[in-house]
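Note that the numbering runs from 1 along the sequence shown for the chain.
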Amino acid sequence: MHRPHGEPVEPCGLTQLSECPMTKFKSDFLRVLDERGFIHQISDPEGLDALALKGPITGYVGYDATATSIHIGNLITVTMLYWMQETGHKAISLMGGGTSMVGDPSFRDDQRQLLTVEQIASNIESIKKVYGNILNYEGSNPAIMVNNADWLLKLNYVEFLRDVGRHFSVNRMLSFDSVKLRLDREQSLSFLEFNYMIMQGYDFVELNRRYGTVLQMGGSDQWGNIISGVDLSHRMGGGQLYALTTPLLTKSSGEKMGKSASGAVWLNGELFSPYDFWQYFRNTEDADVGKFLKIFTRLPLSEIARLEALGGTEINEAKKVLATEVTAIVHGRDAATEAAHTAMATFETGAIDLSLPTATVTHAELAGGIGILAALVTAGLAASNGEARRHIQSGAVRVNDAVIDDDKLTIGDNALLDEGVIKLSVGKKRHALLKPV
């Protein structure tokens, strides 16, 4: 059935294929995305499917360099680029060296902190290392990394307004949820931020000109920005472009995925250790195991079906497979194996494994005594003293496996184990070491 330009199919969501109302795709690329639960909206599913079936197409996902790493939410879209590459198509990871200077206002209540050119360049270099672990930038069908600063920073403002800005309807831009919800909450939207949608739309047109890019993918919150690029291509006399978004990923409990007790789940091992990353997925809720195996791993669907069908305590084995496979993709197989072994030694044998996440303190600090609240925060087991105190009050905190019920306790060097560390625990699954240096 033909759909008017820009009208999405009914959102599919992260569901079983049999529950998904979308078309049975013929191209390997869209079939894989559909079967694994990536597809939420497509601007023209039949047209994109036919084009991908005909031959290789080029698609991209854009990432602003507002931090030194991307996070677990970005892993979903990077994985779509992986499957694009794996099914014979060309994948582009677009770094927002230009758009990062403005900041995406989508679904935010305030303006992002403005970064300097130097900060953005440093962030991009750090993020590149993460991408290199997930996508293949070499070989017979290499992915391409592009920076939109190459064209955005060279634009003449008046010419850009005349040639590009005139094609954008302010009324339509105000109707998109990413903008409308912010205004409905009576939060101001600066003129600087208002330009972001125009810049992202222009990126799509420019990538089409330079690389023949016909597809932009992103999270569901990016639908308005992406479809604006599709529309801009038409208005500027360009070719047919396509939009594809993923659903917002939530846990079965309804909680948005991507946060841990210590903050965001970053893909950079220096910000969020491989062990913590492994443990994050090991703690997946039972009902989410199959969904996450499809989205985050590269295991065959038949193997995923077998793991998903495990019942009772056996589902924990599926969680270990999930944790190990995702950690191997992001941090490498060796790091994943080490994390799994560390967890086994810690949880199943009760041993002190020195590869547990470790926080350091000075010998002088330890000799003088460190408060238990500060120790838990330093070790990353609590985000604040208040949260640490609540953990203690609930009986979840242990020092060297001894339960702590006094939030005024101080830890000194007499608590050091033979291994020269102090083991801190919150609950049964979260552990860290405190080490004097």
Ion pair check, [X] and [Y], cut-off under 4.0 Å:
X      : Y      : answer
Glu325 : Lys320 : no
Glu387 : Arg390 : no
Lys319 : Asp286 : yes
Arg31  : Asp34  : no

Subject >> Verdict with reasoning, Ile304 to Arg36, per side chain to side chain contact (heavy atoms under 4.5 Å, CB included) >> reply: CA-CA 10 Å; Ile304 292 174; Arg36 288 182 172 266; 3.8 Å; yes
**OP:** Start with the C-alpha distance between Asn268 and Ser126, add both sets of side-chain angles, then the distance that settles side-chain hydrogen bond (donor to acceptor under 3.5 Å, both in side chains), and finish with yes or no.
**Re:** CA-CA 8 Å; Asn268 184 328; Ser126 179; 3.3 Å; yes
Subject >> Selection residues 205-216 - residue pairs positive for side chain to side chain donor-acceptor pair (under 3.5 Å), sequence neighbours left out >> reply: Tyr60-Gln216, Gln200-Gln216, Tyr202-Glu206, Glu206-Arg210
What distance do [X] atom [atom1] and [Y] atom [atom2] have between them, rounded to the nearest 0.5 Å?
X      : Y      : atom1 : atom2 : value
Leu271 : Asp276 : CG    : CG    : 11.5 Å
Asn133 : Lys129 : CG    : NZ    : 10.5 Å
Ser27  : Lys54  : OG    : NZ    : 14.0 Å
Ser43  : Leu48  : OG    : CG    : 7.0 Å
Leu310 : Ile315 : CG    : CD1   : 5.5 Å
Leu30  : Tyr242 : CG    : OH    : 11.0 Å

Check whether [X] reaches the backbone of [Y] with its side chain - one donor and one acceptor, N or O, closer than 3.5 Å.
X      : Y      : result
Asp64  : Thr66  : no
Glu303 : Pro300 : no
Thr79  : Leu75  : yes
Ser233 : Val230 : no
Asn147 : Asp150 : no
Asn156 : Glu159 : yes

Original post:
For residues Gln119 and Asn123, is any side-chain donor paired with an opposing acceptor at under 3.5 Å?
Top reply: no
Original post:
How close do Val289 and Ala318 get, heavy atom to heavy atom, and via which atoms?
Top reply: CG1-CB, 3.9 Å
Original post:
For the side-chain contact (heavy atoms from CB on, under 4.5 Å) test, which of Thr246, Ile42, Thr245, Leu81 pairs with Met217?
Top reply: Leu81
Subject >> Option among Thr324, Ile329, Leu322 that satisfies the side-chain contact (heavy atoms from CB on, under 4.5 Å) test with Val326 >> reply: Leu322
**OP:** For Ile76 and Phe296, run side chain to side chain contact (heavy atoms under 4.5 Å, CB included): C-alpha distance rounded to whole Å, both residues' side-chain angles, the deciding distance at 0.1 Å, then the answer.
**Re:** CA-CA 7 Å; Ile76 302 172; Phe296 292 110; 3.8 Å; yes
**OP:** Step by step, work out the side chain to side chain contact (heavy atoms under 4.5 Å, CB included) result for Leu232 and Val164.
**Re:** CA-CA 8 Å; Leu232 180 62; Val164 179; 3.9 Å; yes
Original post:
What residues form a salt bridge (charged side-chain N to carboxylate O under 4.0 Å, His left out) with Glu125, not counting sequence neighbours?
Top reply: Lys128
Subject >> Residues Ile39, Phe25; criterion side chain to side chain contact (heavy atoms under 4.5 Å, CB included); working and verdict >> reply: CA-CA 12 Å; Ile39 298 176; Phe25 296 107; 3.7 Å; yes
**OP:** Could you walk me through whether Asp203 and Trp151 pass the side-chain hydrogen bond (donor to acceptor under 3.5 Å, both in side chains) test, one step at a time?
**Re:** CA-CA 9 Å; Asp203 280 346; Trp151 55 83; 2.8 Å; yes
Original post:
Please walk me through it: do Gln222 and Asn225 pass side-chain hydrogen bond (donor to acceptor under 3.5 Å, both in side chains)?
Top reply: CA-CA 5 Å; Gln222 291 297 308; Asn225 290 347; 3.2 Å; yes
Pairwise side-chain contact, [X] with [Y], heavy-atom cut-off 4.5 Å (strictly under):
X      : Y      : value
Leu241 : His234 : no
Glu35  : Leu301 : yes
Ile144 : Lys90  : yes

Subject >> For Tyr131, all residues meeting ring pair (Phe, Tyr, Trp, His ring centres under 6.0 Å), sequence neighbours excluded >> reply: Tyr63
